[in-house]
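Presented below is the structure to which this report refers.
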Amino acid sequence: RWHDAAGFVGKGGGSVFFSQIDGPSLKLSNIRVSEWDGRSDRERGTNAPPTADLVFLSNRDKVSGKIDQIKDGKLNISNGDLKLNIPLERVTQIFLSNTATAAEPEQPWQVRAFFSGGEKIAFNLKAAADGTFTGDSQNFGGVRFDTRAVRQLQFNLRRPSGSSETAPLSDDDLNEGDE
């Protein structure tokens with residue numbers, strides 16, 4: 001969070017969007033412009049970590065509770081006896097609670113994919129073919145990623161990072177294939 005002690009110096013009636021990452025293009029869509037005081041609804045309250053998921057809707061309402069599922073174009077959220085099925089086109093923002101999560105079990109074919117925006121996901125790799133990586137994630141179920149979107153794949157997640165097994169390979173360790 002950044003605060004300009006001198007006040008906002010922007011003047012005029014325009015906005016500029018630019019990308020600081022290397023990439024072929026930047027696509028913006030479904031932009032809404034409205035009056036804003038510079039603070040999110042969360043910032044107006046407490047700084048304590050949220051104990052419930054928070055969903056903001058297009059009509060400026062908000063719903064808190066536990067998100068049970070996002071499937072078939074609907075978000076299912078419950079708060080006690082109240083259970084709502086909200087169409088995703090009405091959802092503008094989702095803030096997930098900071099509840100502790102169980103560590104994902106590490107399996108032999110589990111990999112971690114790193115994306116250009118800094119995001120990462122661990123999943124069990126089932127196939128790498130036809131320009132896609134497919135597999136299963138404990139958090140998301142079945143996943144499929146275009147290979148062009150993945151910057152790096154990390155294998156052998158169970159191997160300790162400080163072990164001698166991570167020593168770089170020498171030329172003698174590599175076998176050349178038939179040409």
Side-chain angles (χ1 to χ4, degrees), residues 17-32 49-58 63-79 83-179:
F17 297 93
F18 65 95
S19 173
Q20 293 182 341
I21 61 171
D22 291 335
S25 65
L26 175 68
K27 179 180 178 182
L28 298 172
S29 61
N30 297 325
I31 296 175
R32 287 195 178 130
T51 57
D53 299 327
L54 185 59
V55 177
F56 289 88
L57 305 175
S58 57
V63 180
S64 66
K66 180 182 182 312
I67 296 176
D68 299 315
Q69 185 178 43
I70 300 175
K71 186 176 181 181
D72 298 329
K74 298 217 183 248
L75 178 137
N76 300 329
I77 187 167
S78 59
N79 189 342
K83 296 189 185 312
L84 297 172
N85 297 321
I86 303 168
L88 283 178
E89 56 266 9
R90 292 196 57 226
V91 174
T92 58
Q93 286 183 315
I94 298 173
F95 289 100
L96 299 175
S97 65
N98 290 342
T99 58
T101 57
E104 189 170 333
E106 294 178 357
Q107 299 172 0
W109 286 105
Q110 188 176 68
V111 298
R112 183 169 291 119
F114 295 84
F115 299 92
S116 61
E119 302 86 1
K120 59 187 173 188
I121 181 174
F123 65 99
N124 292 321
L125 180 63
K126 288 190 171 186
D130 301 324
T132 61
F133 295 119
T134 58
D136 291 312
S137 163
Q138 179 181 350
N139 297 322
F140 303 109
V143 294
R144 179 183 4 227
F145 303 108
D146 187 319
T147 56
R148 294 174 295 182
V150 177
R151 283 186 40 224
Q152 176 183 352
L153 274 182
Q154 179 184 4
F155 293 86
N156 300 317
L157 300 183
R158 296 191 306 179
R159 183 177 11 178
S161 61
S163 74
S164 61
E165 294 179 75
T166 60
L169 296 174
S170 70
D171 289 339
D172 296 335
D173 295 328
L174 300 175
N175 294 325
E176 289 191 28
D178 294 333
E179 293 184 18

Proximity of Phe145 and Phe115 rings by center, below 6.0 Å
yes
Looking at Asp53 and Ile77, what are the two nearest heavy atoms and their distance?
O-CD1, 4.4 Å
Identified side chain to side chain contact (heavy atoms under 4.5 Å, CB included) partner of Ile67 from the options Ile86, Leu96, Asn76
Leu96
Could you walk me through whether Leu57 and Val91 pass the side-chain contact (heavy atoms from CB on, under 4.5 Å) test, one step at a time?
CA-CA 5 Å; Leu57 305 175; Val91 174; 4.2 Å; yes
Indicate the atoms forming the closest heavy-atom contact of Gly135 with Phe123, along with that distance.
CA-CD1, 4.0 Å
Could you tell me the separation between the CD1 atom of Ile121 and the CD atom of Gln138, rounded to the nearest 0.5 Å?
11.0 Å
Gap separating the CD atom of Gln152 from the NZ atom of Lys120, nearest 0.5 angstrom:
10.5 Å
Inter-residue atom distance Ser58.OG - Arg90.CZ, 0.5 Å rounding
5.5 Å
Decide yes or no for Leu88 and Ile70: does some side-chain heavy atom of the first lie under 4.5 Å from some side-chain heavy atom of the second?
yes
How far apart are the closest heavy atoms of Ala113 and Val150, and which atoms are they?
CB-CG1, 4.1 Å
State whether Asp146 and Arg148 are salt-bridged, where the test is any N-O pair (Lys NZ or Arg NE/NH1/NH2 against Asp/Glu carboxylate O) under 4.0 Å.
yes
Does Val55 reach the side chain of Leu84, with side-chain heavy atoms less than 4.5 Å apart?
no
Can you see which heavy atom on Asn79 is nearest to which on Gly65, and at what distance?
CB-CA, 4.1 Å
Roughly how far, to the nearest 0.5 Å, is CG of Asn85 from CD of Gln69?
9.0 Å
Go through Asp136 and Lys126 one step at a time and tell me if the side-chain contact (heavy atoms from CB on, under 4.5 Å) criterion holds.
CA-CA 8 Å; Asp136 291 312; Lys126 288 190 171 186; 2.6 Å; yes
